Protein chains: 2
Amino acid sequence: MTNYTEKLRNSGLRPTKQRLQICEVLFDTEKTFHFTINELEQKIKDKTNNKISLATVYNTVHAFEKKGYLKQIPINSDQTYFDTNVTDHHHFYDLNEEKLIDLENSDVGPISIKRKINGKKIKSVEVLVKLED
Amino acid sequence: MTNYTEKLRNSGLRPTKQRLQICEVLFDTEKTFHFTINELEQKIKDKTNNKISLATVYNTVHAFEKKGYLKQIPINSDQTYFDTNVTDHHHFYDLNEEKLIDLENSDVGPISIKRKINGKKIKSVEVLVKLED
DNA sequence: ACACTTATTTAGAATCATTATAAACTACGA
DNA sequence: TCGTAGTTTATAATGATTCTAAATAAGTGT
Ligand SMILES: [Mn+2]
Ligand SMILES: [Mn+2]
Ligand SMILES: [Zn+2]
Ligand SMILES: [Zn+2]
């Protein structure tokens, strides 16, 4: 039941009814989660009686991603996956069930990148562990 | 100048003119490389006078992937990226130039995955290091 | 070489996630 | 309350990928 009005304003985003509703679906949860745009659209339908245009869902997700409230997960899928966990973290990807699972940082030993590229700095280091039966 | 006829036959793939040409473009190289379907199509045009249908390029890449001669790289892009380096290895991804760079195994320290999922086994462990200016 | 079967190629259509458009609506400061 | 810039929305456009079904080629047995 967080109030997102000020948070949005402080980010330079107007707190519209649609954005507030999407915030509730995305961030008023015990745990972080992974989703596609279509899954998010469904969650919005389930949680609210209000219809939000698909274009607005895309717009909002992209706006939130730009502000750092969401991030994309690099995975080969027909649809783009997003993550409400924006901390640096790793994933299991279950190939049979096509499901993503968060790894805690303590689940993966420290990773040392020994090579450097001139003029570039490391923004993130992410591990994807593929699982099969 | 490898002859791919037997290799294809041994994989249960008929050595057609199109597949042999695509093999030459993909595998007759000093170094392995990354490509999208469109980039591959262009390379084929450049290297041969023969026109290969786009559908055949897709079919062939998927057939080769299934046989383990190519693999997909998990990256967020409009187009799917493939890799002729099918060994387990890691990548730099230059966010500014949108370019993939292979990391040698010696460039990354050993990675220990401490968590296990019941009934699942690890198929691969891949690191994606994002770079920015 | 010939006939037969099955795999492959191909042009074009279909699919579908995503993005663009442009008009209506809304938040918000003056 | 006005004016403006930001936002929403239905709808169209885009473009990568997949599907279709007819033509062609490869493999097999004779
Ligand atoms: Mn894809
Ligand atoms: Mn995408
Ligand atoms: Zn995650
Ligand atoms: Zn690679």
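Reminder, nothing fancy here: chain letters follow the sequence lines and each chain counts from 1. A quick note: this is a predicted structure, and the numbers were derived from the prediction, not measured.
- Using modelled atom types, one finds no donor on one side chain facing an acceptor on the other under 3.5 Å when comparing A:N85 with A:H34.
- Distance CG (B:L8) to P (D:dA25): 18 Å, rounded to an integer number of Å.
- When the side-chain nitrogen and oxygen atoms of A:R14 are compared with OP1 and OP2 of D:dT8, none of them lie within a distance under 4.0 Å.
- Between C:dA27 and A:R19, no contact under 4.0 Å exists linking OP1 or OP2 to a side-chain N or O.
- Between the CD atom of B:E39 and the C1' atom of D:dT17 there is a distance of 16 Å, given to the nearest Å.
- Between A:H89 and the choices A:D83, A:D107, A:T32, the side-chain hydrogen bond (donor to acceptor under 3.5 Å, both in side chains) rule is met once, by A:D83.
- OP1 or OP2 of C:dT10 has at least one side-chain nitrogen or oxygen of B:Q18 nearer than 4.0 Å.
- When distances are taken from the side chain of A:I37 to each of D:dT9, D:dT8, C:dT18, the shortest belongs to C:dT18.
- Proximity of a side-chain donor or acceptor of B:T29 to a complementary backbone N or O of B:K31 within less than 3.5 Å is detected.
- For the pair A:T56 and D:dT9, the criterion of a side-chain N or O lying under 4.0 Å from OP1 or OP2 is met.
- Residue B:Q79 contributes atom CD, which lies 20 Å from atom P of C:dC16 at whole-angstrom precision.
- Side-chain atoms of B:Q42 and B:D46 form a donor-acceptor pair, as typed in the model, at a separation below 3.5 Å.
- Checking the phosphate oxygens (OP1, OP2) of C:dT19, no side-chain nitrogen or oxygen of A:Y58 falls inside 4.0 Å.
- Checking the phosphate oxygens (OP1, OP2) of D:dA16, no side-chain nitrogen or oxygen of B:T36 falls inside 4.0 Å.
- If you take CG of B:L54 and C1' of D:dC19, they are 13 Å apart, rounded to a whole angstrom.
- Each of A:N59 and B:N38 lies near DNA chain D, and the nucleotide nearest A:N59 is the one positioned closer to the 5' end.
- In this structure, CD of A:E41 is placed 13 Å from C1' of C:dC16, rounded to the nearest angstrom.
- Counting only heavy atoms from C-beta on, B:P15 has its side chain closest to D:dA26 among C:dC28, D:dT8, D:dA26.
- Contact check, B:S53 against C:dA11: a side-chain N or O comes under 4.0 Å of OP1 or OP2.
- One finds no side-chain N or O of B:H62 lying less than 4.0 angstrom from the OP1 or OP2 phosphate oxygen of D:dT17.
- Atoms NZ (A:K51) and P (D:dT11) sit 9 Å apart, rounded to a whole Å.
- As rounded to whole Å, 15 Å separates atom C1' of D:dA13 from atom CG of B:D78.
- In this model, the phosphate group of D:dA16 is not approached by any side-chain N or O of B:T80 to a distance below 4.0 Å at OP1 or OP2.
- Among the nucleotides C:dA17, C:dT10, D:dT8, the one closest to the side chain of B:A55 is C:dT10.
- For D:dA26, neither phosphate oxygen OP1 nor OP2 lies less than 4.0 angstrom from any side-chain nitrogen or oxygen of B:K17.
- Of the N and O atoms on the side chains of B:N76 and A:Y81, not one donor lies less than 3.5 Å from an acceptor on the other residue.
- A:F64 and A:Y69 have perpendicular rings, their planes meeting at more than 60° on a 0 to 90° scale where under 30° would count as parallel.
- We find that CG of B:L13 is positioned 18 Å from P of C:dT6, with the value rounded to whole Å.
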